There are 2 protein chains.
Amino acid sequence: MKPLKVALLGCGTVGSAVLRLLEEQSDDLAARVGRRIEVAGIAVRRPDHHPGVPAALLTTDAEALVRRDDVDLVVEVIGGIEPARTLLMAAIESGKSVVSANKALLAEDGVALHAAAAKAGVDLYYEAAVAGAIPLLRPLRESLAGDQIRRVVGIVNGTTNYILSRMVETGAGFGEALAEATDLGYAEADPTADVDGFDAAAKAAILASLAFHTPVTAADVYREGISAVTATDVARAAEIGCTVKLLAICERVSDEEGDSVAVRVHPAMIPTSHPLAAVGGAFNAVFVEAEAAGELMFYGQGAGGEPTASAVLGDLVAVARNRLVGAAGQGPSGYADLPIRPMAETPTQYHVSLDVADKPGVLAAVAQEFAHHDVSISTVRQNGHGDAATLVIVTHSAPDAALSATVAALREMSAVREVTSVLRVEGLS
Amino acid sequence: MKPLKVALLGCGTVGSAVLRLLEEQSDDLAARVGRRIEVAGIAVRRPDHHPGVPAALLTTDAEALVRRDDVDLVVEVIGGIEPARTLLMAAIESGKSVVSANKALLAEDGVALHAAAAKAGVDLYYEAAVAGAIPLLRPLRESLAGDQIRRVVGIVNGTTNYILSRMVETGAGFGEALAEATDLGYAEADPTADVDGFDAAAKAAILASLAFHTPVTAADVYREGISAVTATDVARAAEIGCTVKLLAICERVSDEEGDSVAVRVHPAMIPTSHPLAAVGGAFNAVFVEAEAAGELMFYGQGAGGEPTASAVLGDLVAVARNRLVGAAGQGPSGYADLPIRPMAETPTQYHVSLDVADKPGVLAAVAQEFAHHDVSISTVRQNGHGDAATLVIVTHSAPDAALSATVAALREMSAVREVTSVLRVEGLS
């Protein structure tokens, strides 16, 4: 029987791990698929940079490779929007099934790619795009297909999780912790994609699309990174039994106008008793709440060559099996097509710490400002007295715009010397 | 378009939750499957016991129901071996795809059922059979299909986990904790299946079959329940930084004779720092180690009507989609067909506590007994002195038979007044 031929696009950390696993597990993969899988070619930019790879397989003409008649399946681990988009479209139009680890592309153009794949009758799988080795997209898409997902809350970026973990452990500020992460290779030379939340926002868009059967792009995701998180925020979090994490939060919000989808990425205080609080260092974890299933958590390595390659190969086995039975798997559906809820209207909870003058009436005046914006206070704690008095306030849930307007107003109050820490709170009842 | 018709076998806690979700989510399911799903009939033993169900759907003739020409899919939530086996075989032979939550049947006869399903070209899915709502079988079967799984270690029985959690929290003995669990409805009137590990052993067999591409039945699983766990065991565990859990452990063991599969269910001490140690009450969690993916954990509700129904409906959507495209999903493969390793030859670690006479030479004599059986000691701690001296010993890994022979020999030693606690240890390096 003729083997299935794979074109590999990209041969960096993930690509070379894919290549190694394809070779090492060749017999097992053949038994699991029902056909041998062979590498037809590997597209790279600089063939002389890959001494360990058979030169005959290397090419710089990626588009010619994906269009080759003898290629059945395409694995894309280049990352970024272009040339990946053009190459995947060419692959799909040539009738190849595609496995991709490209979160940025899927979050920007998933709908168009899926439409093209459906039209061509081929598969488009991308488990590796979110949370590395953790099986997450298939469970959301398939295992929970008979349930209603309410929320998906995840730690999906290892770099920021490492930085925040170090800030919590050492009391360091953001800059110091970032420098350490860069030295150790946990952060890239240009850390923008991680630190400013772009990476997590792309993953959140993909998760929300699958969870809510609604097309969500990265542009729909409210995004705040961790560069403004201070050592004071971390200390204040500890005082209320919380830790600080960068969360990707996808929610179905119901109100009198019907259901909508809110998707956001921002740092938040979460209780140290929350299962996500213990997720340290470069690990990822995703918490899912569904109507019938209740609470589920998925935990594992979110990045790295081997873990990502594991997810790529799982997809490769699936698309190869589908190829052999002549049926593409069903793509994600966007039938629900729920409206995207703006961040301003999304219910959130805030923690606010204030330095105030300890005079009679200050607490009343501050409380009045919250009430004026229709924000209900959950807890207030007053620390110290005299010039050093602080108020630590946790609100109930309210529209984010009302909360941020309240904070802006507090900054203008004469009785408030300084707003020392503002951070959203998640998972406190 | 003609709806897909489902026959439901059994209408207890899980069955009635399936029925309710099918109705409540009718539109969503139709959108996700691409066709409406309708209940064709419900087989029960006593139709008058189901007042909330339309009488016209109820029947006592389950076999006639599964053979009906207008039935496309069969959902079996009866449990137990018979009549479930006969009914599922009849369903498969009549060309129906089957979703089952029946761990006992799948663990005993999975190979025959899968062979029949493959022959008939229909699906046999059973995500709900292991760990309730937690997506586990699909990730093992599909997401990790490109990886090599080394170990699967799980807390897969909520009743025993509740009992052990209470023993740890309150210092109670097994009998007292069981009585409490029975009062609260966490344990059944006849708790044998849970307490003696039969339920966990069936789940372990299913997990091992999928993880290692090797047919494993419940009879292949070494099984010890928790009824012999004492308050002393729990206290000794705490002294060495551990807690006690009933674990289902599926391992690939490699030695000079090649690879084999060891599958066992028994109580064990695990470090409180292990992710499974924090899994309390009726929750389930499964820890997976794979070559490339590294460590993964899946966590959620392991039982209950709604969570189990969520898993059943996820499978139902999958088999319905497959039905519409005319292709059955690939069943699990048994191609590796590794030998089952007997428990006696399976490497384990023991914790042993002894009351000894505190005389010179006792430790030497005890150590000599371990050495005589080729068992290497990892740590020894001596507590107290005089008549009340105790030795707490943790071994290195050794064949289980050598460890149990050592314990038997220790019981015969004149210097050993009593062996007060013997329990296996997992997850200590």
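Quantities reported herein were computed from a predicted structural model and do not represent experimental measurements.
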Tell me, please, which residues at least two apart from B/Asp337 pass side-chain contact (heavy atoms from CB on, under 4.5 Å). B/Pro215
Contact list (residues 16-24 of chain A to chain B, heavy-atom gap under 4.5 Å, by number) returns A/Leu21
Count the heavy atoms of every other residue, nucleotide or ligand shown that sit under 6.0 Å from OH of A/Tyr186, and state whether that count exceeds 12. no
If you define the side chain from C-beta out and look only at heavy atoms, does anything of A/Gln148 sit under 4.5 Å from B/Asp28? yes
Part of B/Ile134 lying under 4.5 Å from any heavy atom of chain A: both
If I measure from the heavy atoms of chain B, does A/Val312 come under 4.5 Å with its side chain, its backbone, both, or neither? neither
Just grab all the salt bridge (Lys or Arg N to Asp or Glu O under 4.0 Å) pairs involving residues 312-336 of chain A, residues at least two apart or on different chains. A/Arg138-A/Asp315
Look at B/Pro139, B/Gly34, B/Ala145 and state which one has the largest set of heavy-atom pairs under 4.5 Å with chain A. B/Ala145
Locate the shortest heavy-atom distance separating A/Ser143 from B/Glu127; write the atom from each residue and the value. OG-OE1, 4.4 Å
Close contacts, residues 287-301 of chain B versus chain A, judged by heavy atoms under 4.5 Å: B/Glu291, B/Ala292, B/Ala293, B/Gly294, B/Glu295, B/Leu296, B/Met297, B/Phe298, B/Tyr299, B/Gly300, B/Gln301
B/Ala327 versus chain A, heavy atoms under 4.5 Å apart: side chain, backbone, both or neither? side chain
On a heavy-atom basis, which atom in B/Leu144 and which in A/Ser310 lie closest, and how many Å separate them? CD2-OG, 3.8 Å
